[in-house]
Number of protein chains: 2
Amino acid sequence: MPDEEGHPLPAEMDLRTVLHALADPLRLGVIAGFLREPDGTERTCASFQLPVSKSTTSHHFKVMREAGLLRMVDHGNSRTAVLRRTELDARFPGLLGLVRAEPAQD
Amino acid sequence: MPDEEGHPLPAEMDLRTVLHALADPLRLGVIAGFLREPDGTERTCASFQLPVSKSTTSHHFKVMREAGLLRMVDHGNSRTAVLRRTELDARFPGLLGLVRAEPAQD
DNA sequence: ACGTAGGTTCTACTTGCATCGTACCTCTTG
DNA sequence: CAAGAGGTACGATGCAAGTAGAACCTACGT
């Protein structure tokens, strides 16, 4: 079962849920953004400057978090998100490579 | 541009469109069904016996066809669908492997 | 010629999801 | 302690997408 913050274990990750999370343009752009940076890079939700409201941004990060794509790290003041790269590569080998191979989102 | 039956060329296939097509349980089940059979296997839409109406089944196959997952082959009486395995492996390497690795759909 | 099987298209309904505004929470800093 | 930054939770709304029924089309078989 997911932990107290909604992070599933790799074995609990569901392919359909992950595909659905990636099918949204904004969310795919966020994952692609992480893939252009070094592994372990932490970014705040706000740093992506998505063209939607703050609550909608939070919603999208919740979807990605609950799918297992991101892990939220509490830093006291600001929470940051980290791509769960190693776990995703083990659970869904090749998936992140597909996202990385795509041109930058429109 | 797609041909007269709506089949995109591999270069025209869009990752978001493909992910969206695979995010539906029924459609993912169809693709998984093809992957359990030899390459080039042709099946009619009806052979999957999806738990939805005939028109809804046709709709789902249209979504998969337009995403580039399937190719429809006209056999006079009955049209059959074929998984575009080689083209998909070239355009989205690893994608079909992810679907194949998942347990049978519920 | 007719009936049947397999698909498609059209229209309509209904569910799901993205979106937003507001309120609320937590931590930091003045 | 107050104010602000960064996120979350809740309720409401609007559009996209899944669903179904009916009509139609083509090819095959009798």
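These figures come from a predicted structure and were not determined experimentally. Residue numbers begin at 1 in each chain, while the letters A, B, ... track the order of the sequences.
For A:N77 and D:dT8, the CG to P distance is 13 Å, given to the nearest whole Å. As rounded to whole Å, 12 Å separates atom P of C:dG7 from atom CG of B:L70. Between the NE2 atom of A:H20 and the P atom of C:dG16 there is a distance of 12 Å, given to the nearest Å. A:K54 has its NZ atom 13 Å from the P atom of D:dA9, to the nearest Å. Between the P atom of D:dA16 and the CG atom of B:D24 lies a distance of 18 Å, rounded to the nearest Å. When the P atom of C:dC10 is taken as reference, atom NZ of B:K62 falls 8 Å away, rounded to whole Å. If you take NE2 of A:H59 and C1' of D:dG7, they are 15 Å apart, rounded to a whole angstrom. As a whole-Å value, the separation of A:F61 CZ from D:dA9 C1' is 17 Å.
For B:R65, a side-chain nitrogen or oxygen approaches OP1 or OP2 of C:dT8 to under 4.0 Å. Between B:H60 and D:dA17, a side-chain N or O to OP1/OP2 separation shorter than 4.0 Å is absent. Side-chain N/O atoms of B:R79 include none lying less than 4.0 angstrom from OP1 or OP2 on D:dT26.
Each of D:dA20, C:dA18, C:dT9 was ranked by its minimum atom distance to the side chain of B:T56; first place goes to D:dA20. Picking from D:dG18, D:dA20, C:dA18 the nucleotide with the shortest atom distance to the side chain of B:S53 gives D:dA20. When each of C:dC27, D:dA9, D:dG21 is scored by its nearest atom to the side-chain atoms of B:S55, the top-ranked nucleotide is D:dG21. With distances taken from any side-chain atom of B:V52 to the nucleotides D:dG7, D:dA20, C:dA18, the minimum falls on D:dA20.
Looking only at distances, no side-chain donor or acceptor of B:R79 sits under 3.5 Å from a matching main-chain atom of B:M72. No donor-acceptor pair under 3.5 Å is formed between the side chain of B:R16 and the backbone N or O of A:P25.
Under 3.5 Å, the side chain of B:T44 and the base of C:dG6 form no donor-acceptor pair of N or O atoms. With hydrogens and angles ignored, no donor-acceptor pair under 3.5 angstrom links the side chain of A:S78 to the base of D:dA5.
Nucleic acid contact class of A:H75 (heavy atoms, under 4.0 Å, all strands): none.
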* Asked: For A:L35 and A:R85, what are the C-alpha separation, side-chain angles and deciding distance, and is it a side chain to side chain contact (heavy atoms under 4.5 Å, CB included)?
  -> CA-CA 9 Å; A:L35 288 171; A:R85 202 175 297 215; 4.1 Å; yes
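Geometrically, B:R43 engages B:F48 in a cation-pi contact defined by less than 6.0 Å to the ring centre and at most 45° from the axis.
Note on A:R91 versus B:E102: salt bridge recorded, some NZ/NE/NH1/NH2 to OD/OE distance being below 4.0 Å.
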